[in-house]
> 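Here's a structure for you.
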Amino acid sequence: MKVYEGVAVMTYRELYDMGKKALHSAGVAEAELDARLLLEYVCGTNRNDLLVHGDRTVAPDRQEVYKALIGKREKRIPLQYLTGVQNFMGLDFSVDSRVLIPRQDTEVLVEEVLRNLHDGMHVLDMCTGSGCILISLLHYSNHCDGLGVDISQDALEVAGRNGAKLLPKESDESAEEGFGRIRFLQSDLFQAVEGKFDVIVSNPPYIDSAAMESLMPEVGEYEPRLALDGGSDGLYYYRRMTEECRDYLFGGGMLFFEIGQEQGEAVSSLMKQAGFLDIQVVKDYAGLDRVVYGTIGFGTPENGKSEGM
C-alpha cells in the first residue's frame, strides 16, 4: 500500500485480497469469487486484470465504493442485488430485492419448454418475477407471444424493465419475427387472466413455511418471502394451479413446473388428478428432480378432467 498526499492508495491485488479476507471472515461461501466480481464491477475490469495488472493502483474513490460493497456483502446481501444484474440463459437480467434472483437450475425449465415450443404459440408465465423465464422463451423462439403474471406490482416493474431491455420494441421490424410481443399483468394467479394458452410455465414458491427459517441468510433475509414460501408443505401453489389452469389451456396444451428436489412425485400426482397426460419428471445437472410437465387432453368430461383423443 502506498500513500500519496496523505491518502492510502492500494493496488488492484491488495484491494482484492482485502475484500477476499473480509468475506471469508463473514462466512461467505464463495468469498474469492464474490470479491473478484465486485472489484470488476467497480473498476470496469475483467478476470484477467487480477493476473496481468494486479500491481496497478486503484483510484481512492473507487476504493471507497469497493469497500462499501464488501461491507454490504459481509452482511450477506446477495451479490446480484449489489451489482443489479444476473445472467440467465445468456441474457443479463436486471434484479433487485423486489424479485427472486434467477437460478441456473431454472434454465432446465426453460430448456424443456423450448423443446416443446413451436412458432406462433401463446405462453403464460405464472409467478413471473423478474420475467427471466418468459423473456428467455420469447428471445429464443419465433412468432410466439407471452403474458407474465405476478401478484407483486413491484416484481412486474422489474419484469417490464427487463422486457424493454432484452426484447425489441413492438415498433421494431424485428417484432414481425415474433419478438417483442410480451405483456405483464398483476393478478392473484388466474384471477385476472383471460384467454387460453398453448403453454403455461411456472416457477412458483415451493419452500415449505417451516424450512423458511433455516435458509441461508442471502435467501431467507433478503430475497422476497412472497416468491419463496409455498405453504405448510410447499405445494400450495401447485394445487391451485393444477386445479385452475385447465380453463386457460387449449386442448393439447402443456403445463410446466419447476419443483423442489423432493417434490417430483407429489406434483406429478397433482397433475395426474387434474387430468394431465404423459407426465414427465426431468432432472437438473446435479441429478435432482427439477421439472415436471404434462399435456392436457382434448375434451372435458363430466368429472371435470380432460380426456385424451
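Numbers here are sequence positions counted from 1.
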> For residues 20-35, dump all side-chain donor-acceptor pairs below 3.5 Å to protein atoms at least two apart in sequence or in another chain.
{"unit_1": "Ser25", "atom_1": "OG", "unit_2": "Lys21", "atom_2": "O", "d": "3.1"}
{"unit_1": "Asp34", "atom_1": "OD2", "unit_2": "Arg73", "atom_2": "NE", "d": "2.9"}
{"unit_1": "Asp34", "atom_1": "OD2", "unit_2": "Arg73", "atom_2": "NH2", "d": "3.0"}

> Taking it one step at a time, do Arg225 and Glu213 satisfy salt bridge (Lys or Arg N to Asp or Glu O under 4.0 Å)?
CA-CA 11 Å; Arg225 188 181 184 99; Glu213 308 310 317; 3.6 Å; yes
> Among residues two or more places apart or on two chains, list those pairs meeting side-chain hydrogen bond (donor to acceptor under 3.5 Å, both in side chains) that have a residue in residues 183-199.
Asp188-Arg240
> Strictly distance-based, threshold 3.5 Å: is any side-chain N or O of Asp284 a donor or acceptor partner for the main-chain N or O of Leu288?
yes
> Classify the ring geometry of Tyr206 against Tyr238: parallel below 30°, tilted from 30° to 60°, perpendicular beyond 60°.
parallel
> Donor-acceptor check, side chain of Ser136 to backbone of Cys132, threshold 3.5 angstrom: yes or no?
yes
> Measure the CG-OG1 distance between Leu277 and Thr295 for me, rounded to the nearest 0.5 Å.
7.0 Å
> Is Arg239 paired with Asp233 through a side-chain N to carboxylate O contact shorter than 4.0 Å?
yes
> Looking at CG of Asp150 and CG of Leu185, how far apart are the two atoms once the value is rounded to the nearest 0.5 Å?
10.0 Å
> Can you tell me how the ring of Phe256 sits relative to the ring of Tyr293, calling it parallel under 30°, perpendicular over 60° and tilted otherwise?
parallel
> Look at the side chain of Ser94 and the backbone N and O of Val85, then say whether any donor-acceptor pair between them is shorter than 3.5 Å.
no
> Identify which one of Leu156, Asn162, Leu100, Ile101 satisfies the side-chain contact (heavy atoms from CB on, under 4.5 Å) criterion when paired with Ser130.
Asn162
> Is Asp96 paired with Arg98 through a side-chain N to carboxylate O contact shorter than 4.0 Å?
yes
> So, does Thr11 use its side chain to make a donor-acceptor pair with the main chain of Glu14 at under 3.5 Å?
yes
> Is a side-chain N or O of Arg290 found less than 3.5 angstrom from the main chain of Ile259, in a donor-acceptor match?
yes
> My understanding is that only one of Phe93, Phe88, Tyr140 makes a side-chain contact (heavy atoms from CB on, under 4.5 Å) with Ile135; could you say which?
Phe93
> For the residue pair Ser269 / Glu265, report whether a side-chain donor-acceptor contact shorter than 3.5 Å exists.
no
> Using modelled atom types and a 3.5 Å cut-off, is there a donor and acceptor pairing between side-chain atoms of Lys72 and backbone atoms of Leu79?
no
> Between the side chain of Glu40 and the main-chain N/O of Leu37, is any donor-acceptor distance below 3.5 Å?
no
> Looking at Thr57, Asp17, Leu39, Asp55, which one forms a side-chain contact (heavy atoms from CB on, under 4.5 Å) with Tyr12?
Leu39
> So among Tyr248, Phe184, Phe197, which one has a side-chain contact (heavy atoms from CB on, under 4.5 Å) with Leu147?
Phe197
> Could you tell me whether the side chain of Arg181 and the main chain of His143 form a donor-acceptor pair under 3.5 Å?
yes
